[in-house]
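As a basis for the values below, the full set of heavy atoms in this structure was taken, side chains included, without hydrogen atoms, waters or symmetry mates.
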Amino acid sequence: MAETAITAVLSKFGELASREAAVLVQVGNDIMLLRDRLEWLQAFVRDADRKRRLASDDFTRVWVRQTRDVAFEAEDALDDFFHKVDLEAQGYRGWKIWCRYLTGCTTQISVRHDLSDKKNQEQTRPDIRESQGIQDRAYTWGMDLFHHRSCCMGTIRFISILGETGIGKNTLMFTISSKIISNHEKHFDKLIWYNMPPNSSANDLLKQVYERALDKVPSQEEDTDITKKLRSFLRDKRYLVILGGINSITVLNCVKASLPDNRNGSRVVLILEPESQEVARHAHTLNKRVGADSKNIIGSTIQLGRLNENQSAELFCRRVYGDNYSKPRGYKVSYNEQVFKITGGHPLAIVVLAGLLRSKEMPVEWDSVLQQLMPGVEAGESQGNKIAGVLLTKEKPFEWDALLQQLVPTTEAKLSNRMTIERIFSTSFDDLPHDLKSCFLYFAAYPTNITHPVDQIMRMWIAEGFINPEKGKSMEDLAQEYLKELISRFLVEVKYKNECEKIELVQVHNRLLRFLQSEAREASFIAIHDNTDVLAPAAVRRLSIQNDSGNYIPFGNRFPKLRSFICRVEEGEGASATPDMKNDSKNILRKDPLKFLCGSKFLRVISIGGIRLSELPDAIGDMIHLRYIGVTSCDLENLPSSIGRLLNLQTLDIRNSKVKIIAPKFWKIKTLRHVIAKQLQLPNSVGELNNLQTLHGVKPAENWGGLTCPLDNMTNLQSLELHGFNDANHGVALERALQKLELLEHLKLIGDKIPSSVFTAPSLRCLESLVLHGDIKWAESSSNTSNQSPEVALGICELRPNLTQLKLNSVSKELEEFIEKIRPHLPVYEGPTRTDV
């Protein structure tokens with residue numbers, strides 16, 4: 001898939017435009033020629049990608065691959081130019097060589113542009129979504145299992161939900177559990193849901209179940225027997241445990257042994273793929289062994305099947321027209337019939353196809369898309385040349401007739417369910433705008449059953465250069481629009497919204513994710529490894545490590561073309577290093593695991609989770625393209641002083657680390673947009689950080705003194721979390737600084753005295769979330785609002801019209817007046833009442 005490669009190069013021109021005019025004069029003509037050639041190629045390559053998937057044209061496959069390689073060379077040339085500009089500030093040496101190289105790229109692109117004259121542009125493209133098709137019968141059956149009389153008494157019981165991928169197993173369970181929570185809040189004391197990643201051990205599964213039961217990360221205890229801890233915590237509780245991904249009877253036996261049978265109607269639900277029928281049968285056997293009611297044992301397995309034609313039409317119409325749709329009439333009825341013929345009643349295929357059509361015009365574009373997806377259409381196209389070749393070997397007419405009779409049923413036969421869904425996926429993917437394709441492909445860097453924090457994924461998009469800048473809009477706002485577009489197309493599902501109705505977690509359907517990973521490999525967009533294959537090619541541009549075994553093996557080779565390194569090692573017994581070190585907690589890896597990155601001068605993104613690091617390598621300061629650094633290691637204690645040389649850095653996310661001090665030069669980086677830490681010291685002197693929007697987990701230096709503080713240089717802050725301050729050393733300066741933060745939406749303060757301006761300052765009208773730990777220090781003018789005129793004594797509802805979340809650890813008499821006024825308008829309020837104080 002060459003289109004994403006070309007898009008990546010075109011995105012660099014926006015960065016180039018921001019460079020000094022004197023720099024651009026020397027390469028201006030070549031740059032414009034290169035951009036024009038790439039834009040022409042991008043227009044033609046879409047149709048080539050579609051033909052490449054059909055594997056019907058070897059010429060097209062070669063053309064796409066070579067075009068992608070040239071686009072990669074052009075990107076390398078541009079990045080090398082940026083590297084020279086940043087490093088060779090005196091004289092900009094080496095430009096003539098760079099210009100000749102750029103001209104060579106332009107010539108190669110011209111050749112491929114001439115070859116592309118044979119390509120025709122295609123106009124029809126579509127959308128996507130995870131299946132939510134739930135059969136009423138299965139739903140009713142499931143509710144009966146949970147609300148049967150035996151649910152309030154009797155032994156622990158296992159329930160298996162079986163069905164092919166995309167049939168709606170998770171949606172069914174989510175609907176049932178939501179119903180239980182909303183209508184029967186006290187039905188279960190604990191609800192635990194965990195999807196087991198591939199290659200995980202039973203011990204890893206039990207640890208995750210225990211962590212979710214606690215609703216927090218457990219502390220390091222001497223007792224490491226996870227079975228003992230889990231049974232102890234769940235003793236005397238009625239619990240509902242929902243587990244996905246179990247494909248081993250051995251793992252199921254471990255789960256059974258680790259959960260107490262409290263004889264109070266607890267339930268364990270297993271969400272299983274068709275190949276795990278043995279696990280379902282074993283769960284059925286476990287129910288018999290514990291002496292469950294024989295009448296209920298029959299219903300311990302829910303087998304989800306496909307929808308009939310009426311159910312298919314209802315699901316399709318709800319997805320296209322909305323829940324309050326009117327029954328289709330006239331020619332619209334035929335669409336329901338065509339959809340059922342294409343999908344065979346498979347819920348995922350129906351919903352995906354509905355998302356594909358809902359943004360298209362009816363009937364012209366609908367007819368075109370449905371005709372394209374009709375079974376047998378492209379099968380015939382791909383087999384036409386093969387049939388002709390076979391016929392040429394036959395001489396007699398009756399041999400032709402006999403052969404055609406054998407081949408016709410093959411070409412006209414319905415495509416398999418897998419092929420149907422893949423074709424809908426590919427058509428939907430092709431319909432995405434160029435830049436949005438790269439954003440969507442980025443999810444391929446992560447394994448299945450993963451929810452993605454929205455802020456992190458969007459910041460990585462920005463760092464990669466996927467977001468095209470627009471005048472008057474911030475990059476974060478544009479990234480939010482990109483994400484909402486993916487959601488509206490049903491490519492990405494919202495998993496969680498916070499109290500302010502902002503999207504926090506999203507997920508991609510596992511079936512769709514596998515398609516993305518296949519596309520990413522084909523396009524050389526990203527190389528995905530489990531780290532057992534340590535010989536990744538040196539030309540890789542994005543490298544993703546997905547390892548659930550807990551062992552990380554450092555790479556021995558270098559990656560000079562690397563742009564992104566995304567590593568997700570499941571934290572466990574072996575997450576520290578190689579197997580021989582896994583039981584020695586003192587052997588914390590330091591620089592060696594990332595040594596192979598030292599030669600990656602084009603690196604833009606480093607995202608590491610699960611590797612135990614105490615510090616990052618000193619050479620990180622030479623990676624001047626770096627824009628995003630995210631390290632979740634709890635053992636990280638130091639950052640090298642060279643980090644101050646990262647003049648393009650936008651995000652530093654070390655929220656779980658022990659880092660307390662960063663080199664002073666770091667706070668002079670003008671491009672900083674997000675700094676997230678845990679206990680990082682904020683120095684008295686910082687640069688003009690006008691781009692900084694997020695500052696979390698920081699504490700002030702010993703004494704700010706005077707009336708100024710570092711926050712005065714961060715006037716565009718939108719989210720601030722400050723702790724460890726005291727009124728004597730920081731109070732006056734903090735209160736004055738808060739009144740300047742007019743864009744602030746989230747504020748969390750932890751100190752001895754909280755300035756009353758958080759409630760009274762008119763400038764903080766954008767505040768949506770306010771979390772305070774400390775006593776409010778009221779000024780004399782604001783401690784008594786009863787003697788003030790209505791114009792002066794504005795109520796808190798007028799001062800904080802956007803506030804949706806308020807969390808306090810103490811309430812004074814003065815504060816109680818404010819709370820009484822605003823509490824009816826607050827969706828979320830947590831804090832003591834006056835009687836508690």
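- Side-chain atoms of S614 and D635 form no donor-acceptor pair, as typed in the model, at a separation below 3.5 Å.
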Practice prompt. Report the C-alpha distance between E745 and K502 in whole Å, list the side-chain angles of each, state the deciding distance to 0.1 Å, and finish with yes or no for side-chain contact (heavy atoms from CB on, under 4.5 Å).
Written response: CA-CA 12 Å; E745 297 177 356; K502 288 190 175 181; 2.7 Å; yes
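- A distance-only check finds a donor-acceptor pair linking the side chain of T760 to the backbone of S756 [under 3.5 Å].
- Using modelled atom types and a 3.5 Å distance limit, the side chains of H746 and Q805 yield no donor-acceptor pair.
- Counting heavy atoms of neighbouring residues, nucleotides and ligands inside a 6.0 Å radius, atom NZ of K190 exceeds 12 of them.
- In this structure, the separation between CG on L772 and CG on L749 is 6.0 Å, given to the nearest 0.5 Å.
- The nearest pair of heavy atoms linking S810 to D775 is OG-OD1, 3.3 Å.
- A donor and an acceptor atom, one from each side chain of N264 and S266, are located under 3.5 Å apart.
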Worksheet entry | Step-by-step side-chain hydrogen bond (donor to acceptor under 3.5 Å, both in side chains) determination, T671 to N648 | CA-CA 6 Å; T671 56; N648 295 302; 5.6 Å; no
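- With contacts defined as side-chain heavy-atom distances shorter than 4.5 Å, the pair V269/V241 does not qualify.
- A distance of 10.5 Å separates NZ in K748 from OG in S719, rounded to the nearest 0.5 Å.
- No side-chain donor-acceptor contact under 3.5 Å links N802 and E768.
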Fill in: Stepwise salt bridge (charged side-chain N to carboxylate O under 4.0 Å, His left out) check, K668 with E688
CA-CA 7 Å; K668 309 290 184 181; E688 292 295 327; over 6 Å; no
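- Between A463 and V605 the shortest heavy-atom distance is CB-CG2, 3.8 Å.
- The two atoms that bring I620 and P640 nearest to each other are CG2-CG, 3.6 Å, heavy atoms only.
- At a threshold of 4.5 Å between non-hydrogen side-chain atoms, the residues N170 and I271 count as touching.
- Rounding to the nearest 0.5 Å places CD1 of I467 at 11.0 Å from CG of D477.
- A distance-only check finds a donor-acceptor pair linking the side chain of K237 to the backbone of F233 [under 3.5 Å].
- Distance alone, capped at 3.5 Å, is enough to place a donor-acceptor pair between the Q546 side chain and the A445 backbone.
- With a 4.5 Å cut-off on side-chain heavy atoms, I226 and S258 do not count as touching.
- Side-chain atoms of N262 come within 3.5 Å of backbone atoms of L234 as a donor-acceptor pair (strictly under, hydrogens ignored).
- With hydrogens and angles left out, the side-chain atoms of E464 and Y442 include a donor and acceptor closer than 3.5 Å.
- The heavy-atom pair separating M714 from L682 by the smallest distance is CE-CD1, 3.9 Å.
- Judged by distance alone, with hydrogens and angles left aside, the side-chain atoms of H674 form no donor-acceptor pair with the main-chain N or O of Y628 at under 3.5 Å.
- F174 is linked by a side-chain contact (heavy atoms from CB on, under 4.5 Å) to S178, W193, counting only residues two or more places apart in sequence or in another chain.
- Using a 4.5 Å heavy-atom cutoff, the side chains of F443 and Q507 are not in contact.
- D189 contributes a side-chain N or O that, together with a main-chain N or O of R238, makes up a donor-acceptor pair within less than 3.5 Å.
- Taking CD of E637 as the reference point, atom CD1 of I654 lies at 12.0 Å (rounded to 0.5 Å).
- Between atom OG1 of residue T694 and atom CG of residue D455 there is a gap of 7.0 Å, rounded to the nearest 0.5 Å.
- P683 and P710 make their closest contact through O-CG, 2.9 Å (heavy atoms, listed as atom of the first residue, atom of the second, distance).
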Item to complete: Begin from the C-alpha positions of L594 and F565 and carry the test side-chain contact (heavy atoms from CB on, under 4.5 Å) through to its verdict.
Response: CA-CA 10 Å; L594 304 181; F565 177 62; 4.0 Å; yes
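- For F759 against L799, the heavy-atom pair with the smallest separation is O-CD1, 3.5 Å.
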Item to complete: Could you please spell out the steps behind the side-chain contact (heavy atoms from CB on, under 4.5 Å) verdict for I629 and I608?
Response: CA-CA 8 Å; I629 299 177; I608 300 173; over 6 Å; no
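- The pair E742-R765 fails the salt-bridge criterion, with no side-chain N (NZ, NE, NH1 or NH2) lying under 4.0 Å from an Asp/Glu carboxylate O.
- For S488 (side chain) and E485 (main-chain N/O), a donor-acceptor pair under 3.5 Å exists by modelled atom type.
- Taken from CG in L505 to CG in N498, the straight-line distance is 10.0 Å, to the nearest 0.5 Å.
- The main-chain N or O of C634 is never found under 3.5 Å from a side-chain atom of N656 such that the two would form a donor-acceptor pair.
- Between L711 and the options L689, L717, V686, a side chain to side chain contact (heavy atoms under 4.5 Å, CB included) holds for only L717.
- Annotation: side chain of H696 is not in contact with side chain of L722 (no heavy-atom distance under 4.5 Å).
- Proximity of a side-chain donor or acceptor of D653 to a complementary backbone N or O of V675 within less than 3.5 Å is not detected.
- Side-chain N or O atoms of W704 include none that pairs as donor or acceptor with a backbone N or O of A733 at under 3.5 Å.
- Counting only heavy atoms from C-beta outward, the side chains of D727 and K777 approach each other to under 4.5 Å.
- For K670, the side-chain contact (heavy atoms from CB on, under 4.5 Å) criterion is met by no residue, not counting sequence neighbours.
- Between E481 and K473, at least one side-chain nitrogen of the basic residue sits less than 4.0 Å from a carboxylate oxygen of the acidic one, meeting the salt-bridge criterion.
- You'll find the side chain of S769 stays beyond 4.5 Å of the side chain of T804, heavy atoms only.
- Judged by the 6.0 Å distance and 45° axis criteria, K484 is not positioned over the aromatic ring of Y482.
- Looking at L240 and I192, their side chains never come closer than 4.5 Å, going by heavy atoms from C-beta outward.
- Of the residues I606, N638, L639, the one that meets the side chain to side chain contact (heavy atoms under 4.5 Å, CB included) test with L616 is L639.
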Worksheet entry | From CA spacing to verdict: side-chain contact (heavy atoms from CB on, under 4.5 Å), L806, V828 | CA-CA 6 Å; L806 178 61; V828 178; over 6 Å; no
